[in-house]
Every structure is written in structure tokens, then in C-alpha cells.
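Here's the structure we're looking at; comments come further down.
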Number of protein chains: 2
Amino acid sequence: MDELTERQKLILTLVVRDYIEIAQPVGSNRLIERYKLEMSSATIRNEMAVLTEAGYLRQPHTSAGRVPTEEGYRYFVTHFVYQTDLPDATRHTITHQFYQARQDVEQWMHLAASILAHQSRAASLITAPHADLARYKHLELISTQGRQVLMVLVLVGGEVSQQILTLAEPVSQEQLGNVANRLNQVCQGRTTDEMASLSLGAEAVEKDILVLVMQDMSRGEQRLSGEIYLDGLSNVLSEPEFIESDDARRAIRLFEERSLLHNLLARTMVNSHVGGVQVLIGGEGEWEELRQCSVVLARYGIPGTATGALGVFGPMRMSYARTIPTVRFMADLLSGLVSETMVGDET
Amino acid sequence: MDELTERQKLILTLVVRDYIEIAQPVGSNRLIERYKLEMSSATIRNEMAVLTEAGYLRQPHTSAGRVPTEEGYRYFVTHFVYQTDLPDATRHTITHQFYQARQDVEQWMHLAASILAHQSRAASLITAPHADLARYKHLELISTQGRQVLMVLVLVGGEVSQQILTLAEPVSQEQLGNVANRLNQVCQGRTTDEMASLSLGAEAVEKDILVLVMQDMSRGEQRLSGEIYLDGLSNVLSEPEFIESDDARRAIRLFEERSLLHNLLARTMVNSHVGGVQVLIGGEGEWEELRQCSVVLARYGIPGTATGALGVFGPMRMSYARTIPTVRFMADLLSGLVSETMVGDET
DNA sequence: ATTTAGCACTCTATGAGTGAGAGTGCTAAA
DNA sequence: TTTAGCACTCTCACTCATAGAGTGCTAAAT
């Protein structure tokens, strides 16, 4: 496809904007009336014919207006809204909300999901920041009952995982404390690989625990991240193209089927640098489940320390002009929070 | 309302069963054909008229079959399915699945939500077991960067909460360790009330931390429970009465609005003893958001130590015969797990 | 005293037919 | 190159008629 004329670009953007707003095919007359254009409807029709030929627009049927194709949305996104920034006022409001909730990573996640959903009027998803390579920081063993022990493992970066272990035989709290202390001294800051080559005292319990710790660490590395925080699903469901349609259910299922979501987020983690916003329109052929939907995704955090992904999910008709800047801003904001609280670790 | 005759009961159950299955008004002829009844359609019609008069059935319009009213469902539930048990095979399958995932409370929750959703073919919700009165068990302080400290607080019962603190001035890891050790000795097994009257060493940091710990504990007591695990929403959305209807969105919103869910679960926590299954049909007048829906709820756990709530949410037309026994069984199962791993705590 | 057959009646769902309206593409003039 | 004019197409909303399902009532049968 070669370049479009200025007028064609104008008409394309107007069609996309209008369709995003009203969810109905856009006709030539409608366009003139709404935007007070200085040309006749016939001219618009000619240009629309060109844009249709070029694959940016589509006619549901002969006597209907035009609807953007996936390529149309794509053109719109890359040429017109990608560089847009969020209004200062909005930025400040959001920043302020985060300032009030700086205690707790889990709270950030909920807040971020909520803000994303509200700003974009669509569904949002976000994973907690997660280290690519787990490094041991601190272990705590707490006996609960008989052979059962609660293990609390803290990783460099602040992730905490807890697990209930069942040992081969009962061990006293004192002994557990000793084991934890020794491991804490030896393993400080190490990765699983480094820990595998350590030589330890001959005590059986100690070795068992170490193995369990390493298992836990590598399990954590493999999964992209545990919880995925969601919000705003009902926004998506009330969009007209989802009412009565089967796609709604497919979309919801996508959100429940963690593995699909993980794939989706993993794609972002691989393809993109931190701060870059990816826009996936209508599944792009790859994702059958996303046929009518678009996803705006970004990675956040500090590569090498802890990163996560966040994004917005909605109908292909979503307001990219609002969503893309919001996603970018939230990614930056969270990157900042991660670096504030999680970096630096020379005890 | 006085007692129904046996035949009336029979017809009522058949109407409810059939309507639950096919989601369409049930007529007299249909009933005879499907269930090979030894009477004429006229007899059925007479009985139906009685049941309608008594408020158990309803006619959408003059020439339609009958549909159960809320009272009809209620009668059906209390008289016919309430005492039903889950088939042995199913019980074993479920128990087995839990046996494989006994490491981790979070995994239980996911598993329980998934099983509930699958068995009932509706949406499920469950909260983690939670102590009514928080008792201190163990504190760990880990310095991360500058004045920031990761606090990991373990409560009797196994709950773990983590939080990032910002201290007034930097404190070394060694010093933090000492503070934690002292508090661990003094506070062992105590409630916030008991901790409030403790006299401590004069060290400022120690007092500050203690206050933060107590804040965290009482915050935990207040909220019913942090996370609510959900699953199976798409099951509900594909039910015919939710297609195209506004109620679907209202239901989804209910699930997103945590406070509503909390209220719902709180109701169960207050009204019911552990193991008792509560059935809320069509909102019962109280819950506007649940107009077309029913909720089956139960409390599980060990009162005084840790309890939680679990339940199933679906259309009023849900299969109570499957759902109620499942909810009861899951509540018992989880109670067992709670007592196995969380009770007993004389370190 | 019940139960049932028969029948008139009511209401919905379905499909055909129709006209209005929106929007197009094409042609020819500006 | 743009625009006015116009014939054409397709959808949508509306009406109307009909088939069918299901009822309630009455009178006969058990």
C-alpha cells in the first residue's frame, strides 16, 4: 500500500473516530454534517471508495456506511494516536492516588487495575512485578503442628512465597530456626544454579529444605506471575457488539482461562521493551479468541530486577486515543514505583 | 399455606426440574410425555391451577405453561434436594484432587473455586480461611533499601501478611533482627488487645514497629478476607436468561464490586453455623442486584481458629440438586483441611 | 367425588409483504 | 478535479395473517 493523501487520512480518522463513538456504519452525509466538512458527499464517497479498495474500510452491505477494518484501526493507531499523551490533570490525579497507597504491592495492583479499567472504560489486566531470575534473600521456617512447617521465602526484589511443608519426621522450632539461619547465611543473594553447587553440612533436614526452597524458586521463575489482577469486565460486556453475541462469552472465558492470559502477557514480555506499548487488534490472525477484540499491552518494571505486564482489553472499537496513553503512563508510573521500593539490596 | 398433596408435590418438582433443564415454561402435555405420567393433562392442569393459586407457580401469559416462582424454588429446595448427598464417586474424585494439591492454601482456593464452578456449572466464589481474632505468631523484618523495610507477619492459623514500611530513619538489618526477636518472644500468641498493654524496652524503633504490627493485625480482622477467588463466570453468562439481558451485566458488576460480595459473604458468616448451607433465591427482596439470581453459600473452617465462606452464584434456574450437595461437601472438605494444617499451635 | 374428554378461547411466535429511508456508485456537468 | 443528480440496493420497522401451544371450563365417565 502506498501513502494516503491528506484528505484520505482525514476521512479515515473521522470514520474511525465516529465508528468508535457510535458503533454504527458511518455514511458520507453523516460525516459532513457532524464535522462541517467543506466538500460534498460525493467527494467523500469517492475517497471512501479508495480507502475501501486499499483495505482500510469495509461495507457491511451495499447500502450501508463504512466500518474500519483491522488495517483501518491499525493505521489510525500508528499514525494518529500513538504519540498522544495523557492530560496533565489526569496524570496528577492518578499519581496522587498512588501516593496514598504506597504501602503494599497488592494494593498497587488493585489500584492500577481499577484506574486502567476506569480510564479506558474497558477491562484491565495486570500482573505483579516479578523477577526474571529468582535470588534468595531470606527464609523463615515456622512449625505449625507435628511434621508440618510453614515456609516463608523472601526473594531479592521483595516477592514473598509461602508454602506448607510436611517433613519426614517432626522437627523442633529451635532446630528449624537453626536450619533457617544457616541457609540464610549461605544462600544470601544466590540463584538456584548457584545454590545447586553449594556444599552443606551433612544434616538431612537441611538438605531437604534446601531442595524445597530451590523447587519453589524455579517454580516461581517459570510461571510468568501468580495472580493476574482484573477489573472492568462489565465495561466490555455493555458494549453493543457484545450484547447477545457469542463473542462476549468467548471473551469472558479468555479471562478465566489463565493459560490464555498468560500467553497473551508472555507475548508482551518477550516482544517489547519496557515502556513500549503494544497494540493487538482483532487477534491479528493469531488469536482466534480475540476476533472482535483488541488488547493494549505494556511491560513495566526494571529488566533484570522485576518486571510485570499490564494492559487493557476491549472491543476492537475501543477508544485507543484514551487507552494507549493511559497504558503508557501507568507502565511508567509503576516502573517508577518498582525502582523506588525494590531496587537496591546490599543489606 | 397448608400442606400439598403428594400428587401436587410430584407435579411441582417435575415442573421445577423441567424448567431448570430447558428454561422454558412447562405445559401439562409436555409433562405427561416426558415423564410418562398415569393421568390426563386435564388433571395436571387442575393441580397446576392449585399450585399457581398457592403461589408456587406462575404463568408468563395466559396461553403459556408454568414457571416456578421464588416460593416454588424454595419449596423444591427445602423439601426435595436439601438432604441429597453427592455421589460417592464424585466425592472421591474431588478428595483426590485436593490430596494432590495440599501444599498451599492459595492452591486450595483456586482448586475449590474451579471444582465448585465445574460441578455446579455456574460461577463460584470462595474466601481464604481467616481468623476471627488475629493472634501474633511470628514477625520478620527485612531491610530492602535505605529506610524501607519489608515486614512479614505470620499469624496463628497460618495467615501471612506482608507490607513495605518506611521508617523514620535507616536501621541496620542486625538491629531489625534484634527488634524482631524481642517482639517474637514477647508477643507470641497474643491478640492486639493483649499486646496493647505490654510494656516494652524504651527503644523507639521497637515501639513503632509494634504499632504497625497491631495496625496490620486489626486491619486483617476487620476485612472479612482479602482475596475472593472466583471462577466459572462464563457458565452463568451462557445461560439463556442472561443472553441479551441487562441482568447479566448487573451480575458481573456484582462480582467486580468487592463490597457487595463482601456483604453477601458476611451475611453467611453471621447467619449460619459451619456446615450449614444457605440458599438465597432471587435476592429474597433484599438484594436488588440478585433479582434473577440465586446464591448457595456455606461457611467452612473452625470457628475460633479460622473460617471462610464459599458459594455458588447462578441464575435462579440453577441446578440446586447438583449445587447444594457440592457446596456442602466442599465446605466439609475444606473444614477438614483447615483443621489438619492450621490447628494445633503450642510451639 | 374425582378424573377425563372435548372444546372454545387466548396469546405468542413466525413469516410474508410493504414502504420508508439511508447510503451507495455512476454519469455527466461545472 | 469536484459536484449535482439519479437510479439502484439493501435494511429496518411495521402490519397482518396464521399456526400452534396451552389454558380453563363444562359435561360426561368412572
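Keep in mind that this is a model prediction, so the values were computed, not measured.
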Check: In whole angstrom, what separates Ile32(B)'s CD1 from dT23(D)'s C1'?
Finding: 14 Å

Next item on the list: Taking atom CZ of Arg91(B) as the centre, report whether more than 12 heavy atoms of other residues, nucleotides or ligands fall under 6.0 Å from it.
Entry: yes

Checklist line | Nearest-Å distance for atom pair CD/P, residues Gln24(B) and dC11(C) | finding: 20 Å

Check: Within this structure, what is the CG-to-P distance between Leu57(A) and dG25(C), rounded to whole angstrom?
Finding: 11 Å

Notebook entry, point to check: Are Thr326(B) and Arg322(B) linked by a side-chain donor-acceptor pair shorter than 3.5 Å?
Noted result: no

Check: Starting at CD of Glu53(A) and ending at P of dC26(C), how long is that distance when rounded to a whole Å?
Finding: 11 Å

Notebook entry, point to check: Does the pair Glu241(B)/Arg317(B) count as a salt bridge with the N-to-O cut at 4.0 Å?
Noted result: yes

Checklist line | Separation of dA21(D) C1' from Leu31(B) CG (nearest whole Å) | finding: 15 Å

Note to self: Using a 4.0 Å cut-off on heavy atoms, which residues in residues 58-69 of chain B reach DNA chain C? List them by number, or say none.
What the structure shows: His61(B), Thr62(B), Ser63(B)

Notebook entry, point to check: Pick one: which of Val15(A), Asn46(A), Leu57(A) meets side-chain contact (heavy atoms from CB on, under 4.5 Å) with Leu51(A)?
Noted result: Leu57(A)

Notebook entry, point to check: For DNA chain D, what residues of residues 37-48 of chain B have any heavy atom nearer than 4.0 Å?
Noted result: Arg45(B), Met48(B)

Checklist line | Side-chain ion pair, Arg7(B) and Glu47(B), N-O less than 4.0 Å | finding: yes

Note to self: If the threshold is 4.0 Å, N to carboxylate O, is there a salt bridge linking Glu21(B) and Arg34(B)?
What the structure shows: yes

Notebook entry, point to check: In whole angstrom, what separates Gln8(A)'s CD from dT1(D)'s P?
Noted result: 12 Å

Notebook entry, point to check: Would you call the rings of Tyr320(B) and Tyr73(B) parallel, tilted or perpendicular, where under 30° means parallel and over 60° means perpendicular?
Noted result: tilted

Check: Salt-bridged, Arg30(B) to Glu33(B), with N to O below 4.0 Å?
Finding: no

Next item on the list: Please name the residue in the list Glu70(B), Arg66(B), Glu71(B), Met48(B) that meets the side-chain contact (heavy atoms from CB on, under 4.5 Å) test with Tyr56(B).
Entry: Glu71(B)

Check: So does His79(A) have more than 12 non-hydrogen atoms from other groups sitting under 6.0 Å from NE2?
Finding: yes

Margin query: Using whole Å, what does the distance between atom P of nucleotide dC7(C) and atom CG of Asn29(B) come to?
Written below: 16 Å

Next item on the list: Go ahead and write out DNA chain C as dot-bracket, 5' to 3': ( ) for pairs within the strand, [ ] for ones crossing earlier pairs, | when the partner sits on another strand, dots for unpaired; Watson-Crick or G-U wobble, both distances under 3.5 Å.
Entry: ||||||||||||||||||||||||||||||

Margin query: Quick one: does any side-chain atom of Thr43(A) pair with a main-chain N or O of Met39(A) as donor and acceptor, under 3.5 Å?
Written below: no

